Amino acid sequence: MNFCLSDLVPPLRWSDASRIGVLSEQGELPDAWWRSLPMERVLGVMDPDALGELITDLALEHWPAAAVGDVLPALYVLDPDEADDPQVAIALDRAGSWVGLLTLSGRELTDQPFIKARPVLTALFTAVFAKLAPSLAAPGEVPEPAPVRARPAHGAVRHLRPAPEVPAPRAPQSDVDFPALIDGAFSDMDDRTWMVAQNRVFTDSPSAVEELGKLLAVSPDVLQALETTLRLWLAEWLDKPEAAPYKAHLAWLSGELGVAAPKSRLIAAAEWHKEELRSLDVPAWHFVVATLPGYQVSGDWLVAGDLADLHERTRGLILNAERPTVARALELVSSLGIHPDVAKEWLENVPQLSIQSGKRSTNGVPRSANGATTAKPPGQLKDVALTRRCFRQPDGRWWLRVDVTGEHIQGAEVPMPTGFAAYLGLKPGENRPARSAAGDVELTWASRPGFGSLQRILTEVAAKEGSHVFLTISDEGMLRVRHLSASNGGDPTSQALRLVGYTAPGGTPDQAVRVIATRIGLSGPAGRPELLTRLRERGDRDLISLLD
């Protein structure tokens, strides 16, 4: 891929980089290397750690007001697990979500209590370059594949190139032909990039990169590099004068949606959202979702930030209210930034939430907001943060650790703590499937909640007795699985970190306290005594024995 550092780090383009001493002091690199030297050659001289430290210096000293995600936009497509660092975990906990963290500037990070800005930024930037390095080193040319679906007739093989600079239209926003504006910018893509755009970027259900790679006969690393380049080019286009009316439309749309709204609200917000974009062969609203800053698609909802966090905040508001009637709940939920006209629909879709409407059924049992009868008052299930073997990972989700036994490998049911069942939205008496790469797994709650047989999954990941699997359910209902092989000894600190899913090398006792405190939901600075107290409340005796 023939792109340079200034393609990845946009501030290098609008800064007078020639006057930034730290750039010209890299003796093994030529003059103006940041805008002339391909990244594979840069990474041949500077490793990802050194490059991460360099960009951190620039962000703190030269661009302190720039958002972290604007300094290195590729962070938006990074999996948070790949920046698994205790300082990042602390910052992520305080920011509330991955997107929230990336919108903070270097100066804002520096001003945050309990956050060390420099190691946070270094870990984030290094993670991107570490992920980029293997894709740049991928072996030579790959044969041109047959496309998965036919390219539109106008789509002859072309190369992605910058759209020409034109003055922003003076016409009012309502008079702008947005589909034509977008088609003009995205009509010149080669076939492979077009496939990535359609199946990975401008879609509400992205194809797995491995799946797409098999269909196109290219390696996943090649597709990930193409996707990164396309997203960077998209960010550059959004900053061009010609895209100013479209950015104004996105700003207006954010106000219309609030912090959460059904996808149908976005589709109906403008007539042109329902049109097909000829250049990409996708509905226009797919493009809008992909470019709407800070929003994520979670099932049938668009959410600014993390859906699970917003669910949790909603439940907290309602359960702590003196009289959580429907009218009071609708009033409270508006304080979260949810528009009144979708507030009732939002409440009906929040798991583990029942609200007394003041009406009674014929048998005198209170009815919930959606009309269902609720014989059990809300709030009696254990909080997931106080539940043994449940840990919040860098993606913001809570995961349950299952310590694999011989019975599990043979197909026995896997018990699930009630606090984790409540987090997943599972209710007593319910039985529902969760999709996984190895087939469906039943979630059941008869006498107690549990997973049905995990035998196929454990076989797939080659789990053995004594190893661990971490489980959670995505917003789309997919069972996500992470396997850690059985520990081969190691010091107690490393063993404790491993039990919460932290596998980075090294780790001091103080670092372990910070990481584990963050992963069990403790906020602010927590010392060893506070950590041990919370672990005792949760019942994590294995962790206590390793830390005490």
Side-chain angles (χ1 to χ4, degrees), residues 1-78 82-83 85 87-88 91 101-111 115-138 160-162 165 224-240:
M1 305 302 293
N2 190 25
F3 55 89
C4 54
L5 186 64
S6 61
D7 293 322
L8 292 172
V9 184
L12 284 173
R13 294 192 167 193
W14 46 256
S15 302
D16 185 358
S18 62
R19 296 192 177 187
I20 300 177
V22 70
L23 287 172
S24 54
E25 289 165 5
Q26 307 301 321
E28 298 181 48
L29 294 169
D31 292 342
W33 59 271
W34 54 90
R35 56 181 169 81
S36 61
L37 204 63
M39 279 302 298
E40 63 262 30
R41 291 184 58 191
V42 173
L43 287 166
V45 175
M46 301 177 71
D47 62 23
D49 291 311
L51 205 48
E53 289 177 6
L54 173 64
I55 303 304
T56 297
D57 289 338
L58 296 176
L60 292 176
E61 295 173 23
H62 297 277
W63 314 314
V68 175
D70 289 342
V71 172
L72 190 57
L75 282 166
Y76 282 103
V77 295
L78 184 75
E82 293 172 297
D85 179 275
Q87 292 296 331
V88 173
L101 175 58
L102 300 187
T103 56
L104 294 175
S105 68
R107 181 179 293 130
E108 288 169 332
L109 272 173
T110 303
D111 292 341
I115 291 180
K116 297 178 181 177
R118 183 171 290 276
V120 169
L121 293 177
T122 301
L124 291 173
F125 297 151
T126 298
V128 170
F129 296 125
K131 186 173 178 63
L132 185 65
S135 66
L136 293 174
L160 188 63
R161 67 180 182 215
E165 297 276 3
Q224 285 173 336
L226 282 172
E227 183 177 339
T228 299
T229 303
L230 177 58
R231 289 185 185 276
L232 291 170
W233 189 86
L234 174 62
E236 289 179 9
W237 177 76
L238 288 168
D239 284 335
K240 291 180 180 293

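Given the structure is predicted, the values throughout are model-derived calculations rather than measurements.
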Hey, does Leu5 have a side-chain heavy atom less than 4.5 Å from the side chain of Trp33? yes
Could you walk me through whether Leu109 and Leu101 pass the side chain to side chain contact (heavy atoms under 4.5 Å, CB included) test, one step at a time? CA-CA 9 Å; Leu109 272 173; Leu101 175 58; 4.1 Å; yes
Can you tell me how far the OH atom of Tyr76 sits from the CG atom of Leu234, to the nearest 0.5 Å? 12.5 Å
Could you please spell out the steps behind the side chain to side chain contact (heavy atoms under 4.5 Å, CB included) verdict for Phe125 and Leu54? CA-CA 9 Å; Phe125 297 151; Leu54 173 64; over 6 Å; no
Taking only Lys NZ, Arg NE, NH1 and NH2, and the carboxylate oxygens of Asp or Glu, determine whether Glu236 and Lys240 approach each other closer than 4.0 Å. no
For the CH2 atom of Trp233 and the CG atom of Leu230, what is their distance to the nearest 0.5 Å? 8.0 Å
Check whether any side-chain N or O of Trp63 sits under 3.5 Å from a backbone N or O of Asp70 as a donor-acceptor pair, and report yes or no. no
Nearest heavy-atom neighbours spanning Ile115 and Ala91: CD1-CA, 3.6 Å
Residue pair Leu121 / Val68, side-chain heavy-atom distance below 4.5 Å: yes
Are the side chains of Leu232 and Pro73 in touch, meaning some heavy atoms are under 4.5 Å apart? yes
Please report the shortest heavy-atom distance between Thr126 and Gly52, naming the atom on each side. OG1-CA, 3.5 Å
For Glu108 and Ser105, indicate whether the former's side chain and the latter's backbone hold a donor-acceptor pair under 3.5 Å. yes
Interatomic distance, Glu82 atom CD to Leu124 atom CG [nearest 0.5 angstrom]: 12.0 Å
What's the shortest heavy-atom distance between Leu37 and Cys4, and which atoms? O-CB, 3.3 Å
Looking at every heavy atom in both Leu72 and Leu8, which two are closest together, and how far apart are they? CD1-O, 3.4 Å
Are any of the side-chain heavy atoms of Met39 and Leu51 separated by less than 4.5 Å? yes
For Val71 and Pro10, work out which heavy atoms get closest and say how close. O-CD, 3.6 Å
Taking C-beta and beyond as the side chain, do Asp85 and Thr122 meet within less than 4.5 Å on heavy atoms? no
For a 4.5 angstrom cut-off between non-hydrogen side-chain atoms, does Arg118 reach Glu53? no
Heavy atoms, side chains only, cut-off 4.5 Å: are Leu12 and Leu23 in contact? yes
Does Met46 reach the side chain of Leu29, with side-chain heavy atoms less than 4.5 Å apart? yes
Rounded to the nearest 0.5 Å, what's the gap from CZ on Arg41 to CG on Leu43? Could you check? 12.5 Å
Check Ala117 against Thr110 and note the closest heavy-atom contact, atom names and distance. CB-OG1, 3.5 Å
As an exercise, state the distance from CG of Leu75 to NZ of Lys131, rounded to the nearest 0.5 Å. 12.5 Å
